[in-house]
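Notes follow the structure.
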Number of protein chains: 2
Amino acid sequence: MAARPATPAAIAASDAAGAGAVAPARVPAERPRGRPCAVAAGLDIVGDRWALLVIRELLFGNHRFDEIAHYTGAPRDRLTARLRTLEAAGVVIRRQYSDRPPRFEYHLTDAGRDLAPVINALRAWGERWVVESPPIVVRHACGQPLETVTICRHCGQKVRRADLKLESRAEGWEIVRHPR
Amino acid sequence: MAARPATPAAIAASDAAGAGAVAPARVPAERPRGRPCAVAAGLDIVGDRWALLVIRELLFGNHRFDEIAHYTGAPRDRLTARLRTLEAAGVVIRRQYSDRPPRFEYHLTDAGRDLAPVINALRAWGERWVVESPPIVVRHACGQPLETVTICRHCGQKVRRADLKLESRAEGWEIVRHPR
DNA sequence: GAGAGTCGGTTGGATATGGCAACCTAGTGG
DNA sequence: CCACTAGGTTGCCATATCCAACCGACTCTC
């Protein structure tokens, strides 16, 4: 598996190095509270108001600051800060495409592209439970509107909640104490 | 907090009657900017720092205020506020299980349970790109650690990004101007 | 019947973050 | 010279968030 640049430690380190003069950033540093969990760790990176929308636009093929600002609706200063933290987390890379004047584009790394399933799951949920009619239609190669099913890679069966067994490896953070 | 006008709450209620009928919902009034999009609409409901962690715990079987506060690490006042907005959005319901003293539990609605794929996708991403070793192991019924694949329901093929065709139905919000 | 503990919150105050418009720099085009 | 573009930065203010402390209505234990 590829490099894993996104550990909170790495972020904290690169932030301390003081590369940019921007936003003191909400770097995770520590999450002393709460269950240790990959979900929480992921949310530390993409769990704010704009991050996933930025990544949506990058997946759509909009790579420039003004495009992203326009299509997400994020305030420009927030966008600047978020792009920096996403870069520090290894989710996007900033690429200069013009020397003079200096101009930049933002692209997804492998880690960033790998967020597509998260966004698709969220889109599916939003379409089902929130919006009236989908403002964006995603079609699969087969020509039909995309409807996704999640299956287990090992056995090929559809994943149902009842079929999952959870096991906590963190002491003091047991799961399901009262399975009500 | 401006109570979110019972958008999806109505859906859950009318779900029984409404066959395949979708959402008498209206797109959240309060996102005047940015591309209209089910992802953004979803994030308006579960896109803050704590919402998905709360839902994670409810999926784990922890239904009481103190449990949720402890396992998520959310400050109690934030938790109160988030539970209220999630309730207003129809994602959780608040259930009294004791009259005297008054005591309450929080449970997921169908809409809330339907967020499991989002959380699983996020867990997969976090395990791959953020954490060193998964603090929680999810096993499928087949006995193997769960690894998920997303497939298209129509054709059964694995969904790859290159196979997706996007089509915006919102005027002025076209997609992919430079598919770089 | 005194004291401690449980549960589901509120309250107050400090701090961090977000939103907005205006501004800046270094160019290009006319 | 002027207008315009891209990619931000700055200042100001409003709101959200964090945290610890507190509270009310019980129950449990001694």
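Side-chain atoms are counted along with the backbone in the values below, which use heavy atoms only and exclude waters and symmetry mates. Remember, predicted model here, so these are calculated numbers, not experimental data. Proteins get letters first, then strands, A, B, ... in listed order; numbering begins at 1 in each.
Under 4.0 angstrom from either OP1 or OP2 of D:dG8 there lies at least one side-chain N or O belonging to A:R94. OP1 or OP2 of D:dG8 sits under 4.0 Å from a side-chain N or O of A:R84. Applying the 4.0 Å criterion to OP1 and OP2 of D:dC18, one finds that B:R76 has every side-chain N and O outside that range. In terms of phosphate contacts, A:W50 brings a side-chain nitrogen or oxygen within less than 4.0 Å of OP1 or OP2 of C:dG19. At C:dG9, one or more side-chain N or O atoms of B:Y106 fall inside 4.0 Å of OP1 or OP2 (strictly under the cut-off).
The distance between atom CG of A:D44 and atom P of C:dT17, rounded to the nearest whole Å, is 13 Å. Distance, B:D48 CG to C:dA16 C1': 16 Å, rounded to whole Å. Rounded to an integer number of Å, the gap from B:Q96 CD to C:dG8 P is 11 Å. Rounded to whole Å, atom C1' of C:dT6 lies 13 Å from atom CZ of B:F65. Look at CG on A:N62: it is 12 Å from P on D:dG7, rounded to the nearest Å. Distance, A:I68 CD1 to D:dG7 P: 9 Å, rounded to whole Å. A straight line from CG of B:D77 to P of D:dA21 spans 14 Å, rounded to a whole angstrom. When rounded to the nearest whole Å, the span between CG of B:D66 and P of C:dG5 equals 15 Å.
A search for side-chain contact (heavy atoms from CB on, under 4.5 Å) contacts involving A:I151 returns A:V149, B:V149, B:I151, not counting sequence neighbours. Every residue meeting the ring pair (Phe, Tyr, Trp, His ring centres under 6.0 Å) condition with A:H70, not counting sequence neighbours, appears here in chain and number order: B:W173.
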Salt bridge (Lys or Arg N to Asp or Glu O under 4.0 Å) for B:D48 and A:R49? Distances and angles first, verdict last. CA-CA 6 Å; B:D48 83 295; A:R49 186 177 181 74; over 6 Å; no
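Remark: A:R94 CZ is packed, more than 12 non-hydrogen atoms of other residues, nucleotides or ligands lying under 6.0 Å away. Counting heavy-atom neighbours within 6.0 Å of B:E171 CD, excluding the residue itself, gives a total of 12 or less.
The side chain of B:P75 approaches D:dC18 more closely than any other nucleotide in the set D:dC18, C:dG8, D:dG8.
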Sort me out a list of protein N/O and nucleotides 24-28 of chain D N/O pairs below 3.5 Å, or just none if empty.
residue, atom, partner, partner atom, Å
D:dC26, OP1, B:R100, NE, 3.3

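Electrostatic pairing of A:E167 and A:K165 does not count as a salt bridge here, judged by no charged N lying under 4.0 Å from a carboxylate O.
Cation-pi check for B:R64 over B:Y97 is met; the charged atom lies under 6.0 angstrom from the ring centroid and within 45 degrees of its normal.
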